[in-house]
Amino acid sequence: MDNPELYATVNNLQRTDADDISHEFEEDIRKMSGRCLDIGSGPGDVVMDFILPKLNPTATIVCSDISEAMVKFGKDKYGENSRVNFIKLDIETPNLPRNLVGQFDHVTSFYCLHWCQNMGQALDNIYKLLRPGGTSLLAFVANDSGLDAYKVLATMIRYKPYMMDANRYVPFYQYTNRQRKTLKTLLEKVGFEVCHCSRREKSYVFHKLEEFSQFVLALNPFIKRMPIDLREEYRNDLVREVMRKKIIFNQSENNEDAYSVMYRYHTSVVYVRKPL
Ligand SMILES: C[S@@+](CC[C@H](N)C(=O)[O-])C[C@H]1O[C@@H](n2cnc3c(N)ncnc32)[C@H](O)[C@@H]1O
């Protein structure tokens, strides 16, 4: 997922959820002042459009991402805003840069943490980045049946060599029972005071199949590893396999081919505080 140009044109689902969640937690976000950090900011539009305008007007925010391309895109597009800065940071690193430890009053993150394979390390890092009394608002995919497609395609001989690490791209809690309880227990073990921890069913309707296909492809890390002549077939198989897990319906009275796709998934939302 290091194509900011493509991602920024097909991230309506993520933008809709960030809009919803930032409105729900608006009072808490308004109280966020000082130096804030956003994790997995991608192209930066979610921070710029939904978070920054709600922060205390004196607050500044550092957008971070593991992808060099995302960081560069954000810097080029929003770098002139004196309240925003962009840095490269892997939130799962076992070696957090020392100059960042204890430097942030608040941490936000939208639709990034489910990519972490070591959720304990990622949450522990967030704890370490915060100053005592600091808060963190986090939202990430709890489970998305569409991403089971990776497991299915990874068993096919023609795709297998390019998908050896398919499990790494399935959300961390995808197959966990009692996801909310498991996450809350982990947050407490890390040391957080848990103010809110929920798991919600969400859905988003793609009104055009092409829009749905672009969304699925923008998140896919494997296709760029494949030879050009295999990509079209892979794209078709991937879209079909993801679609098998979603709800397809026709809303048009006049056009039998006007299918919409209802994309259903679950999201974890967390608001925590580092004790004083
Ligand atoms: C789905 S995008 C979300 C972007 C943005 N927050 C939004 O809501 O639209 C996930 C982002 O997380 C980044 N990411 C994935 N793993 C990461 C990690 N370990 N540390 C930091 N960023 C990571 C990816 O590079 C990508 O830009």
Side-chain angles (χ1 to χ4, degrees), residues 1-25 29 36-52 54 61-78 84-97 100 104 107-129 136-144 146-147 150 165 167-174 202 204 214-222 224 263 265 267-270:
M1 201 192 314
D2 52 5
N3 184 341
E5 287 81 10
L6 174 62
Y7 180 78
T9 59
V10 295
N11 64 346
N12 254 329
L13 178 154
Q14 291 90 335
R15 287 178 58 84
T16 305
D17 287 358
D19 193 14
D20 279 356
I21 294 165
S22 63
H23 270 112
E24 181 179 338
F25 287 86
I29 299 175
C36 305
L37 172 72
D38 184 71
I39 292 161
S41 308
D45 58 313
V46 159
V47 167
M48 299 307 291
D49 295 344
F50 305 119
I51 305 302
L52 186 63
K54 296 188 185 76
I61 189 160
V62 176
C63 294
S64 68
D65 204 283
I66 194 174
S67 153
E68 197 93 57
M70 291 291 188
V71 173
K72 182 175 180 323
F73 183 93
K75 254 188 204 158
D76 290 349
K77 188 154 184 198
Y78 306 110
V84 190
N85 208 347
F86 292 83
I87 60 166
K88 187 173 172 194
L89 174 68
D90 173 6
I91 196 56
E92 249 188 306
T93 179
N95 304 307
L96 212 49
L100 298 181
F104 296 96
V107 172
T108 56
S109 181
F110 292 85
Y111 287 152
C112 162
L113 294 181
H114 52 279
W115 299 119
C116 293
Q117 287 308 292
N118 188 343
M119 187 65 86
Q121 178 77 68
L123 294 175
D124 195 49
N125 283 345
I126 293 174
Y127 188 88
K128 289 190 176 121
L129 289 162
S136 183
L137 176 63
L138 312 170
F140 54 92
V141 177
N143 58 287
D144 174 355
L147 296 177
Y150 292 165
D165 55 349
N167 284 346
R168 198 209 166 295
Y169 295 95
V170 172
F172 183 77
Y173 285 119
Q174 180 93 341
K202 306 280 288 176
Y204 180 87
Q214 289 291 335
F215 167 80
V216 168
L217 282 167
L219 297 175
N220 186 281
F222 312 110
K224 64 173 187 273
Y263 202 95
Y265 53 100
T267 295
S268 294
V269 180
V270 163

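Because only heavy atoms are used, hydrogens play no part in the values below, and waters and symmetry mates are left out as well, while side chains stay in. We count ligands from 1, going down the list as the structure has it; atoms in each ligand are counted the same way.
- In this structure Asp90 satisfies the salt bridge (Lys or Arg N to Asp or Glu O under 4.0 Å) test with no other residue, sequence neighbours excluded.
- Numbered from 1 in the order shown, with element, the atoms of ligand 1 that lie under 4.0 Å from a heavy atom of Tyr111 read 1 (C), 2 (S), 3 (C), 10 (C).
- Tyr78 is not listed as a side-chain neighbour of Ser41, based on a closest heavy-atom distance of 4.5 Å or more.
- The aromatic rings of Phe222 and Tyr169 sit perpendicular, their planes meeting at an angle over 60°, well past the 30° parallel limit.
- Side-chain contact check for Met70 versus Pro43: some heavy-atom pair is nearer than 4.5 Å.
- At least one N/O-N/O distance between Tyr7 and ligand 1 falls below 3.5 Å.
- Shown here is Lys72, whose NZ atom has no more than 12 heavy atoms of other residues, nucleotides or ligands within 6.0 Å.
- Selection from Gly40, Cys63, Cys112, Pro43 by nearest heavy atom to atom 5 (C) of ligand 1 gives Gly40.
- Residue contact check: Ser67 has heavy atoms under 4.0 Å from atoms 25 (O) of ligand 1.
- Here Ser41 has backbone heavy atoms under 4.0 Å from ligand 1, and that is the only part of it that gets that close.
- Residue Gly42 approaches ligand 1 through these ligand atoms, each under 4.0 Å from one of its heavy atoms: 4 (C), 27 (O).
- At a heavy-atom distance under 4.0 Å, only backbone atoms of Leu89 (N, CA, C or O) approach ligand 1.
- Here's the thing with Asp65: one of its N/O atoms is less than 3.5 angstrom from an N/O atom of ligand 1.
- The distance from ligand 1 to the heavy atoms of Met70 drops below 4.0 Å at these ligand atoms: 27 (O).
- Between Ile39 and ligand 1, no pair of N/O atoms sits closer than 3.5 Å.
- Between Asp45 and Lys77 there is no salt bridge, since no side-chain nitrogen of the basic residue lies less than 4.0 Å from a carboxylate oxygen of the acidic one.
- Counting only heavy atoms from C-beta outward, the side chains of Cys63 and Val47 approach each other to under 4.5 Å.
- At a 3.5 angstrom cut-off on N or O pairs, Asp38 does not count as close to ligand 1.
- Using a 4.0 Å cut-off between charged side-chain N and carboxylate O, Arg15 and Asp19 make no salt bridge.
- At a heavy-atom cutoff of 4.0 Å, ligand 1 is contacted by both the backbone and the side chain of Ile66.
- In terms of polar-atom proximity, defined here as any N/O pair under 3.5 Å, Ile91 does make such a contact with ligand 1.
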